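Each remark here refers to the structure printed beneath this line.
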Number of protein chains: 2
Amino acid sequence: MVTAGIDLADAGGLAAVSMRAVATALGMAAGSLYRHLSSRDDLVALMVDRCVGEVLSAEGEPALMRPYPEGPGDWRDAVVLLARRQLELYRRHPWLVDATAHPGTPGPNTLAWFDTCLRVLEPVPAPVPAKFEAIAMVTGVVSLFARAEAASGPVHFDHVDPAAYPHLAAAFAAPPVATPRQDLFERTLRGLLTGLLTTDSD
Amino acid sequence: MVTAGIDLADAGGLAAVSMRAVATALGMAAGSLYRHLSSRDDLVALMVDRCVGEVLSAEGEPALMRPYPEGPGDWRDAVVLLARRQLELYRRHPWLVDATAHPGTPGPNTLAWFDTCLRVLEPVPAPVPAKFEAIAMVTGVVSLFARAEAASGPVHFDHVDPAAYPHLAAAFAAPPVATPRQDLFERTLRGLLTGLLTTDSD
DNA sequence: TGTAAACTGCAAACACTGTTCGCGGTTTTG
DNA sequence: CAAAACCGCGAACAGTGTTTGCAGTTTACA
């Protein structure tokens with residue numbers, strides 16, 4: 001059910017997961033799906049929550065419930081690690097970026113995810129709303145990077161008018177330089193975290 | 001045409017702007033719209049570009065072509081000002097966040113917007129791709145803030161199980177503290193800019 | 001074991017979406 | 001005045017999510 005939806009979404013994006021498509025993938029009729037779910041949004045919510053479960057139990061069994069609090073590093077390291085796993089998840093299922101754009105009531109795995117984030121942020125002396133803001137911003141930045149990675153290429157600025165847009169034209173006149181920036185993701189996140197969860201006395 | 005679409009979108013979101021709705025708002029039939037545009041995505045692209053035009057000629061005539069380069073401040077100030085105007089635009093037309101999620105070929109106003117951004121970033125000694133990355137990230141952060149503002153409230157975590165999600169439950173046990181953070185937007189942007197467009201020698 | 005209840009799937013229908021097409025009328029062009 | 005371009009109409013098509021009566025199967029209970 002949600003597995004079929006996930007497979008369909010992985011192959012053809014969120015638009016490819018229609019009730020009839022999921023139904024025929026399961027050898028059923030379209031209306032039969034409503035015996036198990038109440039709407040299509042329900043289904044994508046279940047799909048999202050299952051994928052979040054993927055990153056929770058990554059690689060092994062309760063593997064993720066472990067490594068964060070006991071690591072010797074700073075809490076920022078843990079958040080960056082968490083974000084990196086989320087980015088890998090978005091790479092595995094690009095439609096997640098669109099599916100989580102308008103979040104609904106979170107499922108159990110999503111709640112567990114928030115719980116883990118809060119546990120990681122436990123040593124941070126910041127008010128709870130600030131922590132929620134920080135979590136939201138981190139996942140937002142992750143989705144931005146995922147979108148940027150997925151949408152690389154199809155944006156064409158071909159032949160802009162040098163008279164109307166001089167700076168744009170000048171920017172494309174120079175030969176494209178390959179960008180070596182590798183740690184952009186981590187640098188962005190660390191800057192964001194210290195900006196959001198840190199007073200001036202830190 | 002695009003004006004009717006914008007009004008409809010402002011009232012009921014992007015989903016409310018259907019061909020038939022726009023047509024009846026103009027006193028026409030649905031199919032008649034295809035005399036002037038080739039698809040619905042075309043229409044939303046035109047709507048987006050017109051709104052970008054709003055922020056370009058804000059308040060007066062060619063008012064925006066002025067203030068940025070001659071301001072005495074640092075280039076970061078100019079970018080923050082640009083981002084702030086964009087945030088106000090997103091507040092005025094919340095559907096823009098969804099409409100710009102999957103960008104297509106940019107319209108004239110969007111090109112002018114990019115040109116302005118590049119002009120503002122002219123004194124920055126960074127390679128062109130890095131500047132494009134920075135612009136994309138800034139508008140991404142702006143859309144994140146716009147989304148966060150628009151989606152405040154409907155997310156309910158009512159009565160989470162304290163046994164399954166201890167940290168979440170503990171977070172909600174404490175009385176909610178009002179967050180006074182006001183400059184969060186600007187701090188985030190400044191951190192992002194220095195992280196993306198600055199070498200260690202700056 | 002027999003019966004009743006619960007569950008599950010099917011096919012058809014409804015309202016809605018974006019989009020296409022052939023027709024007639026109006027306006028502009030030569 | 002004629003011809004070409006344009007414009008809007010209404011009907012149709014394929015597709016969407018969702019609802020609803022009907023049958024078949026499985027489960028639970030007495």
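Since the structure is predicted, the reported quantities are computational estimates derived from the model, not experimental observations. In what follows, every chain begins at residue 1, and chains take the letters A, B, ... in the order their sequences are listed.
- Closest to the M28(A) side chain, of the nucleotides dT19(C), dT18(D), dG9(C), is dG9(C).
- OP1 or OP2 of dT8(C) has not a single side-chain nitrogen or oxygen of S32(A) nearer than 4.0 Å.
- dA13(C) atom P lies 19 Å from atom OH of Y34(A), rounded to whole Å.
- At a cut-off of 3.5 angstrom, counting only N and O atoms as typed in the model, there is no donor on one side facing an acceptor on the other between the side-chain of R20(A) and the base of dG15(D).
- The separation between M19(A) atom CE and dG9(C) atom P is 15 Å, rounded to whole Å.
- A straight line from CG of L37(B) to C1' of dG18(C) spans 12 Å, rounded to a whole angstrom.
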Practice prompt. Kindly indicate, with the supporting measurements, whether the criterion side-chain contact (heavy atoms from CB on, under 4.5 Å) is fulfilled by E149(A) and L87(A).
Written response: CA-CA 10 Å; E149(A) 288 181 5; L87(A) 181 59; 4.0 Å; yes
Atom pairs and distances, donor-acceptor, side-chain atoms in residues 16-25 of chain A, under 3.5 Å, two or more places apart:
from   : atom 1 : to     : atom 2 : distance (Å)
S18(A) : OG     : A21(A) : N      : 3.2
T24(A) : OG1    : R20(A) : O      : 3.0
T24(A) : OG1    : A21(A) : O      : 3.0

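- Taking 4.0 angstrom as the limit, H36(B) places none of its side-chain polar atoms (N or O) nearer than this to OP1 or OP2 of dC6(D).
- Within residues 9-16 of chain B, no residue approaches DNA chain C, by heavy-atom distance under 4.0 Å.
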Discussion item. Quick one, Y90(A) with T100(A), criterion side-chain contact (heavy atoms from CB on, under 4.5 Å). Give me CA distance, side-chain angles, the key distance, then yes/no.
Written reply: CA-CA 11 Å; Y90(A) 282 164; T100(A) 55; 3.6 Å; yes
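- In terms of polar N and O atoms assigned as donor or acceptor, the side chain of R40(B) never comes within less than 3.5 Å of the base of dG18(C) in a complementary pairing.
- A salt bridge links E186(B) to R190(B): at least one charged side-chain nitrogen sits closer than 4.0 Å to a carboxylate oxygen.
- Ranked by how close their nearest DNA chain D nucleotide is to the 5' end, D41(A) and G31(B) are led by G31(B).
- Atom C1' of nucleotide dT17(C) and atom CG of L43(B) are separated by 15 Å, given to the nearest angstrom.
- Ring geometry for F145(A) versus F185(A): interplanar angle over 60°, hence perpendicular rather than tilted (30 to 60°).
- H102(B) and D41(B) share no donor-acceptor pair across their side chains, judged by distance under 3.5 Å alone.
- As a whole-Å value, the separation of R35(A) CZ from dT26(D) C1' is 14 Å.
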Fill in: Residue pair M28(A), L33(A): steps toward the side-chain contact (heavy atoms from CB on, under 4.5 Å) verdict
CA-CA 8 Å; M28(A) 304 198 316; L33(A) 297 178; 3.3 Å; yes
